[in-house]
Number of protein chains: 2
Amino acid sequence: MRQDVHVADVPVLCVSCEARHRGVCGALEPAQLLALAKVSHKQNMSEGTELAGDATRADTYSNVLSGVVKLTKSLSDGRQQIVGLQFAPDFLGRPFKSENEMSASAATDVSLCSFPKSAVDRMLRESPGLEHRLLEQTLKELDEARLWMVTLGRKTAPEKVASFLLLIARNSNPTAARDAAAAFDLPLTRADIADFLGLTIETVSRQLTRLRADRVIRIENNRHVTVDSLARLAARSGD
Amino acid sequence: MRQDVHVADVPVLCVSCEARHRGVCGALEPAQLLALAKVSHKQNMSEGTELAGDATRADTYSNVLSGVVKLTKSLSDGRQQIVGLQFAPDFLGRPFKSENEMSASAATDVSLCSFPKSAVDRMLRESPGLEHRLLEQTLKELDEARLWMVTLGRKTAPEKVASFLLLIARNSNPTAARDAAAAFDLPLTRADIADFLGLTIETVSRQLTRLRADRVIRIENNRHVTVDSLARLAARSGD
DNA sequence: TAGGCCACTTGATCGGCGTCAAGGACCGCC
DNA sequence: GGCGGTCCTTGACGCCGATCAAGTGGCCTA
């Protein structure tokens with residue numbers, strides 16, 4: 001019965017939403033959640049869709065409900081670097097700035113729950129718990145970014161590719177033991193992997209075939225990867 | 001007179017402290033500032049001092065009052081990467097985690113104002129303004145980290161070195177015009193610059209002499225750099 | 001003044017990864 | 001079934017930056 005009352009308080013949109021528990025929405029009171037749900041909407045974007053351009057006005061925030069969003073920065077001559085991957089239930093958007101400094105696009109088919117920036121900014125001022133969640137997520141992203149800087153700056157191509165596979169493997173099953181097996185689909189094309197690792201697609205391809213030749217991984221349909229021993233993969237990741 | 005009253009409220013330790021205005025302490029009420037000042041202490045550390053080791057217990061936070069602190073991560077075989085530089089009045093420490101995941105050390109002589117973690121954590125819970133400041137700083141650091149990821153992943157050695165010089169130049173005089181002249185001391189040794197850029201010290205040295213040969217910079221005593229036109233330097237930074 | 005140490009520079013050589021080019025696998029479309 | 005397109009793989013080659021090895025200059029100590 002208590003459950004019923006509880007569920008009755010929760011907006012329909014949010015009932016089965018992962019972000020309500022693990023994401024930033026978990027910090028909201030039922031009344032706030034209701035207010036926010038009224039102005040938010042779920043949307044599905046297909047792979048490749050540009051979600052927010054570089055130096056464009058950003059007037060919405062989003063939660064990632066499923067799929068993977070890539071954050072990229074480019075140099076003027078077209079060289080590109082992926083500076084972050086956002087998985088469910090990550091929060092998408094840069095508080096306290098109205099301009100995007102990077103572009104976000106759907107690396108896979110993605111579903112998002114989007115809110116007007118103004119509504120969230122108001123709640124941020126009223127509800128310290130929300131700001132706390134946002135701080136936690138931002139610190140997590142900062143840790144991840146700094147960890148990746150080591151990969152970009154100091155690892156070799158074979159180590160980079162192994163590190164990437166490990167990242168995806170761990171993300172697709174966070175509870176797996178360190179030395180377990182794993183199977184997952186790569187959420188990125190070879191070109192995206194290259195942009196994430198600071199390599200070319202040829203080098204990525206060569207390293208993947210090398211890992212396959214050495215029986216560390218198997219690949220089906222270019223996307224589906226099977227790893228018999230994550231420990232063997234980790235041994236190739238350099239750290 | 002109002003000024004006198006105001007100053008009288010401020011702890012001696014904090015009266016002339018930059019962090020009280022631009023740093024996180026600016027979010028504190030006089031009473032909180034007083035309470036914090038009672039348990040904090042200023043300390044000077046000389047170049048090279050290890051401030052916090054990898055995987056050690058971290059039980060203090062600090063504000064950087066002067067000098068530069070480098071945050072580094074290492075791979076097991078000794079390869080090292082600097083993942084962040086902290087200048088005054090930056091906040092030093094990782095809230096909500098008791099273990100360091102990276103090591104911090106003094107890149108130059110440094111003066112710090114250190115607080116027990118517990119005292120700050122308590123204030124974080126009581127004072128939303130403090131958490132807000134911290135979120136702003138963390139977002140700023142995340143932006144910087146992601147910007148640097150492009151440098152690490154996609155720029156050539158000449159571009160990396162030019163980018164580094166620009167970063168230091170802009171930091172030593174944030175208000176300078178984009179095409180002004182600049183003069184500053186490098187806060188890092190060649191070895192540190194290499195670890196920051198993901199290069200070797202030989203390559204860093206070669207690129208610096210090239211910039212000098214091309215009259216983009218002048219160098220005295222290995223550390224003091226003069227730039228006649230920041231715009232010319234920026235033109236070599238790749239972005 | 002000699003000697004050692006440290007940070008940095010400079011030169012010669014090597015190899016990892018980028019570049020260029022071709023070819024294969026899979027797809028939808030006509 | 002042929003055809004073009006996209007994504008990926010594979011091979012040949014060359015260059016940028018790492019590696020190895022001296023050499024220079026400033027500073028400290030004796």
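The structure displayed is predicted, hence computed values, not measured ones. Sequence lines set the chain letters: A, B, ... in the order given, protein chains first and strands last, and positions in each chain run from 1.
One N or O donor and one acceptor, one from the side chain of B/Arg206 and one from the base of C/dG11, sit under 3.5 Å apart. Between the side chain of A/Glu202 and the base of C/dC17, no donor-acceptor pair of N or O atoms lies under 3.5 Å.
A salt bridge links B/Asp90 to B/Lys140: one of the charged nitrogens lies within less than 4.0 Å of a carboxylate oxygen. For A/Asp179 and A/Arg232, the salt-bridge test fails: no basic side-chain N is under 4.0 Å from an acidic carboxylate O. Between B/Arg146 and A/Glu141, at least one side-chain N (NZ, or NE/NH1/NH2) sits under 4.0 Å from a carboxylate O, which counts as a salt bridge.
Between the CD atom of A/Glu220 and the C1' atom of D/dC7 there is a distance of 18 Å, given to the nearest Å. Taking atom CD1 on B/Ile219 and atom P on C/dT10, their separation rounds to 10 Å, with Å as the unit. With rounding to whole Å, A/Leu197 atom CG is found 13 Å from C/dC17 atom C1'. As rounded to whole Å, 6 Å separates atom P of D/dT9 from atom CG of A/Leu208. Atom CG in A/Asn221 sits roughly 20 Å away from atom P in C/dG24 (whole-Å rounding). The CZ atom of B/Arg154 sits 12 Å away from the C1' atom of C/dC17 (whole-angstrom rounding). Residue B/Arg210 contributes atom CZ, which lies 12 Å from atom C1' of D/dG17 at whole-angstrom precision. Rounded to whole Å, atom P of D/dT6 lies 14 Å from atom CD of A/Glu47.
One side chain, B/Thr72 or B/Ser103, offers a donor N or O that lies under 3.5 Å from an acceptor on the other. At a cut-off of 3.5 Å, with distance as the only test, no side-chain donor of B/Gln43 or B/Ser111 sits close to an acceptor on the other residue.
Note on B/Thr203: every side-chain N or O is 4.0 Å or more away from OP1 and OP2 of D/dG17. In this structure, B/Arg223 reaches the C/dC8 phosphate: one of its side-chain N or O atoms is under 4.0 Å from OP1 or OP2. Checking the phosphate oxygens (OP1, OP2) of D/dT10, no side-chain nitrogen or oxygen of A/Ser205 falls inside 4.0 Å.
Backbone-only contact: A/Thr209 has heavy atoms under 4.0 Å from sugar-phosphate atoms and none from a base.
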